[in-house]
Amino acid sequence: MNDTPPEQIADALLAWFDRHGRRDLPWQHPRTAYRVWIAEIMLQQTQVTTVVDYFNRFMVRFPDVETLAEAVSDDVMRHWAGLGYYARARNLHAAAQRIVEAHAGELPGDVETLISLPGVGRSTAGAIVAQAFGRWAPILDGNAKRVIARLAAVTATPGTAAYEKPLWQLAERYTPQERVTDYTQAIMDLGATVCTRGRPHCERCPLADRCLAKQAAIQNQLPTRRQRKRREQRETTVLLIEDAQGRILLEKRPPAGIWGGLWSLPEVAADADVEALCTQRYGIRADAGLLLTPLSHTFTHFELTIHPRRMQHRDTVRIMDANHRWFTRDDRPGIPAPIARLLNTPQQSLAL
DNA sequence: GAGACGTGGTA
DNA sequence: TTACCAAGTCT
């Protein structure tokens, strides 16, 4: 246990923040509860530089909670496409509707009520309370975890209770009553810019003198690594079907599972009789399909090899399935990033 | 408690 | 090339 008085930690962090903290992030100007909420959801497992453009586009289209609540799902998903973790967007939309219906369109200002919203956990709730409402609440994002784990030399394995529990305790202990907004921003900024994962810049750290990990020269080893797991290999076949007007047939994916709620190219079993299937489901007479260059995409838990087949047809189109629609290349719904790359690639360079 | 859930950057 | 990871939450 680090026996440095917690107020000294907070003071050192705040003094550092006044000189080096980030004060120009889009969701800080203006710092409304709605904007902070959207930003915190986007920032889950996602770096600031990735989020900024998405956040700005999202705010133009959905400037307030009512606009978001009233939007159709496809529109919300379209603005999230490419950001990943699409359950966040589905939860965000559902939460907006609940905020309008159950909270008179005002974001709750306490941790307990915030956590009851879909997509808001303990860490995000704390961030919203501290950053949007300026009220006392501990936060514990990946940055704060790393800073505190080193400061107090917490050597337990990330993801276990033996790691999470003491970290939350310490987060509460260090969070000051005054300047909570700045303090929470400060500990995240320190983690992002100084107390970085690979080689922390201890020479620039205001807490270096009080850091137990540095004293034990184990700052590079903390937080400890999780044991890696083998990545599964998967294969899938998708159909790239264009109609006479140059429109593309897309398929809405089910809400659960990978790319849930997004639109993608129709997926078929590797051994499917594609000609029969196209006739049945889309009313298209198609040939066996031209095999295109396979495309590999690495997910966290598996590697997916996509085998695109370009189908040709001349017949009148009649889709029998509500989950399939034609879209132009310029006016598409939200589609996954690898599929977007596939559609953006010139066809000549795709053919095998 | 462990696994699912995306993407782009970095070493 | 491969592995790991970033402002986590849900099941």
Side-chain angles (χ1 to χ4, degrees), chain A residues 22 25-28 35-55 77 80-92 94-95 114-128 130-132 137-147 156-165 167-168 171 184-193 195-199 220 223-234 253-262 264 296-304 334-341:
Chain A
R22 291 181 288 192
L25 299 171
W27 41 93
Q28 297 173 330
R35 290 165 63 87
V36 169
W37 168 49
I38 303 296
E40 289 302 330
I41 300 298
M42 286 187 173
L43 286 163
Q44 290 170 2
Q45 299 288 285
T46 311
Q47 299 196 343
V48 169
T49 52
T50 304
V51 165
V52 168
D53 288 344
Y54 280 89
F55 177 83
M77 299 309 291
W80 208 274
L83 244 196
Y85 285 137
Y86 301 101
R88 295 184 294 176
R90 301 193 300 269
N91 287 332
L92 196 70
L114 282 167
I115 285 181
S116 74
L117 296 172
V120 179
R122 190 174 176 184
S123 183
T124 300
I128 294 171
Q131 302 241 331
I139 60 142
L140 196 59
D141 69 316
N143 290 312
K145 277 182 182 172
R146 193 168 50 251
V147 171
T157 308
T160 65
Y163 182 73
E164 304 291 328
K165 206 172 164 185
L167 283 187
W168 272 108
T184 52
Q185 187 64 50
I187 196 164
M188 290 190 287
D189 288 353
L190 188 75
T193 63
C195 195
T196 50
R197 197 180 189 305
R199 242 171 42 81
N220 292 327
T224 53
R225 301 235 175 178
R226 292 185 221 161
Q227 49 186 337
R228 54 170 176 264
K229 30 196 178 274
R230 197 164 303 276
R231 209 173 358 246
E232 178 194 349
Q233 301 285 325
R234 294 187 200 173
R253 299 183 62 91
I258 197 79
W259 296 339
L262 291 190
S264 184
S296 275
H297 187 74
T298 303
F299 294 89
T300 310
H301 296 287
F302 61 95
E303 177 161 348
L304 182 66
I335 56 179
I339 300 297
R341 278 195 292 275

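Letters go in sequence order (proteins before strands), and every chain restarts at 1.
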- Note on the structure: Rounded to whole Å, CZ of A/Phe299 lies from C1' of B/dT7 at a distance of 9 Å
- Message: Taking 4.0 Å as the cut-off, does a side-chain nitrogen or oxygen of A/His297 come that near to OP1 or OP2 on B/dG6?
- Response: no
- Whole-Å distance between B/dG8 P and A/Met42 CE? 15 Å
- For C/dA7 and B/dC5, measure between their P atoms and round to the nearest Å. 23 Å
- Using the P atom on both, measure B/dG3 against C/dC5 and round to a whole Å. 15 Å
- Can you tell me, in whole Å, how much space there is between the P of C/dT2 and that of B/dG6? 23 Å
- Task: Could you pull out all residues at least two apart from A/Arg234 that satisfy salt bridge (Lys or Arg N to Asp or Glu O under 4.0 Å)?
- Result: A/Glu232
- Residue whose closest nucleotide on DNA chain B lies nearer the 5' end, A/Ile258 versus A/Ala162: A/Ala162
- Message: Generate the contact string for nucleotides 5-11 of chain C. Rules: B means base contact, S means sugar-phosphate contact only, - means no protein heavy atom under 4.0 Å.
- Response: SBBBSS-
- Query: Taking atom P of B/dG3 as reference, at what distance in whole Å does atom CD of A/Glu232 sit?
  - Reply: 13 Å
- Who pairs with A/Asp141 by salt bridge (Lys or Arg N to Asp or Glu O under 4.0 Å), at least two apart in sequence or on another chain? none
- Do the side-chain N and O atoms of A/Thr46 and A/Arg88 include a donor-acceptor pair separated by under 3.5 angstrom? yes
- Item | Rounded distance (nearest 0.5 Å) linking atom CD of A/Glu40 with atom CD1 of A/Ile139 | 8.0 Å
- Task: With rounding to the nearest 0.5 Å, note down the distance linking CG in A/Asn91 to CD1 in A/Ile41.
- Result: 8.0 Å
- Message: Let me spell it out: for each of A/Tyr54 and A/Arg234, pick the nucleotide of DNA chain B with the closest heavy atom. Which residue's pick is nearer the 5' end?
- Response: A/Arg234
